[in-house]
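Here's the structure we're looking at; comments come further down.
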Protein chains: 2
Amino acid sequence: MARRRQAVTIKHVAADAGVSLQTVSRVINKEPNVRPEMMARVQEAIERLGYVPSIAAQRMGGSRSYLIVALNDRERTIAGWRNHEGTDWVDQMLLGGMLKCAEHGYRLIVELVDTHSDHIERELSAALAALQPDGVILTPPHSQNPLITGLLEREGISFARIGSLAPGRGFALTMGDTGAAEMATDHLFALGHRRIGLIAGPDEYELSAWRVAGWRAAMAAHDLPTDDLMFQGDFSYESGRQGAEALLEAGATAIIASNDQMSLATLLLARDRGLDVPGDLSLVSFDDTPIARFAHPPLTSVVQPIAEVTSRAVELIIAERAGRDAPTDPIEIAASLAVRGSTAPPR
Amino acid sequence: MARRRQAVTIKHVAADAGVSLQTVSRVINKEPNVRPEMMARVQEAIERLGYVPSIAAQRMGGSRSYLIVALNDRERTIAGWRNHEGTDWVDQMLLGGMLKCAEHGYRLIVELVDTHSDHIERELSAALAALQPDGVILTPPHSQNPLITGLLEREGISFARIGSLAPGRGFALTMGDTGAAEMATDHLFALGHRRIGLIAGPDEYELSAWRVAGWRAAMAAHDLPTDDLMFQGDFSYESGRQGAEALLEAGATAIIASNDQMSLATLLLARDRGLDVPGDLSLVSFDDTPIARFAHPPLTSVVQPIAEVTSRAVELIIAERAGRDAPTDPIEIAASLAVRGSTAPPR
DNA sequence: TTGAAAGCGCTAACAC
DNA sequence: GTGTTAGCGCTTTCAA
């Protein structure tokens with residue numbers, strides 16, 4: 001295979017337009033101090049020759065790399081793909097992130113690193129050194145891992161933290177978990193439920209606590225006790241089953257589960273016990289994956305705007321690189337509730 | 001934001017190990033002609049300093065870019081993500097492709113281009129110029145688009161064609177569609193079906209014809225007529241419904257549908273008509289997405305090894321770049337049949 | 001407002 | 001075997 005070089009480079013454009021390399025570069029980067037006339041001439045040459053800058057060369061020149069890394073948890077992501085039951089977190093990130101990137105000539109690269117690895121910093125450093133991305137989008141639980149945020153901060157790379165409100169650098173974005181939990185609780189309350197249980201996620205995820213807080217707030221607003229109605233799971237099916245057992249024991253007539261696996265576990269436990277959903281037990285899921293949508297009955301679910309949040313994260317990163325000033329307050333893009341067949345008034 | 005440069009470069013390593021840049025480069029690239037002793041010294045320096053080569057600089061040096069592009073159909077892919085019903089083609093490509101890439105220090109970048117666009121060549125050229133990937137993995141229907149394969153061939157970029165057997169350059173890989181269709185047909189025959197209908201995919205996809213051929217071959221082997229038992233759909237729900245109507249009209253007791261949407265359409269049509277699946281109608285899907293797995297009953301499906309095929313495609317591309325000789329024959333990684341509740345003996 | 005020169009981190013070609 | 005040199009395509013000084 002022949003050593004392949006760029007077909008048309010900035011030099012060709014410069015020659016064609018009869019200007020210097022520098023002027024072409026300025027036009028490409030939309031820099032000021034170029035006469036409209038020059039700019040038009042250069043633009044025309046670019047079109048004619050079909051010139052597209054090489055991102056490797058742009059990076060080498062010391063400017064942007066036009067690469068944004070979406071960092072996900074390796075174990076969980078791969079497990080999701082392997083089981084292929086449609087957990088579409090990554091797809092939604094691609095949908096929102098890739099398309100937004102494309103609008104600005106950027107690319108989104110998915111990277112996986114182990115949360116629990118002791119050499120997580122080395123893994124990430126290697127990826128950063130290899131790719132030299134202009135930004136990194138962190139998802140839970142990476143978004144609240146100080147080893148990761150610290151490294152990014154030291155390296156001076158702009159990053160977004162999805163699902164984290166911790167103070168510090170990096171754009172914080174949430175999907176309004178507190179409000180979503182309140183919404184779910186209120187929905188169940190409005191149906192007439194009073195014993196509303198919550199199967200929470202693990203502490204490792206900040207958002208677990210937010211959801212608990214939202215549920216507690218809603219319960220308190222209705223003067224309802226929460227005493228033994230909370231069970232802390234770890235997002236696994238098994239923990240969901242345990243949680244459902246505990247909450248049924250506590251007399252829950254409705255259960256909110258913090259993800260699809262725990263919801264599914266609850267649904268199947270109910271079935272095993274001969275309980276009708278939603279007749280004997282109402283159920284709200286906190287994920288809107290096919291597992292929830294195609295369950296029988298289809299689960300009322302909190303729908304998380306992953307694509308929108310990722311898109312926003314990309315925007316923030318690109319805007320910061322472009323020198324525009326960044327918002328310092330956390331950004332919330334609220335989840336919504338899709339009411340389906342798993343919730344109904346209690347008997 | 002400070003202009004960020006590589007923290008530790010090949011120069012640092014060279015200095016640290018007391019050798020020339022070139023020697024370090026040779027070690028990195030596993031080139032011959034380096035004494036084991038030198039190599040060890042360099043390796044040690046690399047470890048100690050935590051050096052990782054910059055992909056951009058490697059590309060600039062004129063060698064590999066360590067980037068492989070996975071090219072998918074824009075419209076279909078985005079629609080899949082938007083509807084988010086778990087069509088996990090891209091996920092499976094990432095699963096197989098990313099992991100294999102990672103083993104060799106490569107990255108997989110997902111790119112979307114419009115099949116029906118008249119400027120498809122410009123779109124692709126731009127992506128190639130920007131990224132300068134070492135290889136491109138084509139999926140249907142791009143894999144049989146001469147505009148695309150022609151361009152890649154002219155540019156001298158190695159590429160893999162998934163789902164294409166057309167002659168010409170590029171590694172051809174299939175998932176044994178002919179055999180899969182035969183397998184599905186034989187399964188139904190073994191259950192006692194004689195009127196087995198097929199809802200085929202559009203001609204735009206080579207594999208549509210292979211599936212028809214497999215079905216025909218299996219039917220012929222059992223001396224069964226195929227006359228009015230074939231309907232050509234276009235992978236849409238609507239066409240699936242039309243196909244199901246036509247085939248039921250023709251007296252089919254079993255239907256094989258070429259994707260999940262058409263299968264779902266068939267299932268729902270049966271339900272509308274009060275037909276029990278599998279009692280009155282057996283159904284085999286050609287996709288194993290959540291739509292098929294979570295349907296009621298769960299659909300017997302052809303399971304396509306997308307991850308494996310992509311992984312293999314990555315291997316082939318990397319091997320070719322490394323100068324190892326490439327297989328010229330098409331590679332088949334056979335699909336399997338997951339028997340579920342939608343197939344049973346006819347009444 | 002424009003251009004010339006230097007250098008980014010790496011590899012290819014050649015010399016030693 | 002190993003080191004030296006000359007770029008790759010671009011951006012960043014800095015000078016005009």
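Letters A, B, ... mirror the listed sequences (proteins, then strands); counts begin at 1.
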Applying side-chain contact (heavy atoms from CB on, under 4.5 Å), can you list everything that pairs with T77(A), at least two apart in sequence or on another chain? N72(A), W81(A), V90(A), L112(A)
With respect to the side chain of Q58(A), which nucleotide from dC10(D), dG3(D), dC8(C) is positioned closest? dC10(D)
When you check the phosphate oxygens OP1 and OP2 of dT11(C), does a side-chain N or O of N29(B) lie under 4.0 Å from one of them? yes
Suppose we screen for salt bridge (charged side-chain N to carboxylate O under 4.0 Å, His left out). Which residues come up paired with R74(B), at least two apart in sequence or across chains? D114(B), E123(B)
Residues forming a ring pair (Phe, Tyr, Trp, His ring centres under 6.0 Å) with Y106(A), sequence neighbours excluded: Y66(A)
Going by the ring-ring contact (aromatic ring centres under 6.0 Å, His included) test, which pairs reach into residues 35-55 of chain B, not counting sequence neighbours? none
Whole Å only: how far is the CD1 atom of I28(B) from the P atom of dG9(C)? 13 Å
Does any residue of residues 41-55 of chain B have a heavy atom under 4.0 Å from DNA chain C, and if so, which ones, in number order? Y51(B), P53(B), S54(B)
In terms of side-chain heavy atoms of M38(A), which of dC8(D), dC8(C), dT2(C) is nearest? dT2(C)
Give me each pair satisfying salt bridge (Lys or Arg N to Asp or Glu O under 4.0 Å) with a member in residues 99-113 of chain B, each pair once, sequence neighbours excluded. R107(A)-E111(B), E111(A)-R107(B), K100(B)-E103(B), K100(B)-E315(B)
Polar atom pairs between nucleotides 4-6 of chain C and protein, under 3.5 Å, N or O only, would you list them?
from: dA4(C); atom 1: N6; to: Q22(A); atom 2: NE2; distance (Å): 3.2

Under the side-chain contact (heavy atoms from CB on, under 4.5 Å) rule, collect the residues that match up with E121(B), sequence neighbours excluded. L147(B), R154(B)
Residues at least two apart in sequence or cross-chain that pass salt bridge (charged side-chain N to carboxylate O under 4.0 Å, His left out) with R76(B), listed by chain then number, are D73(B)
Measure CE/M60(B) against P/dG7(C) and give the value in whole Å, please. 16 Å
Examine distances only and state if a side-chain atom of D16(A) and a backbone atom of A45(A) form a donor-acceptor pair shorter than 3.5 Å. no
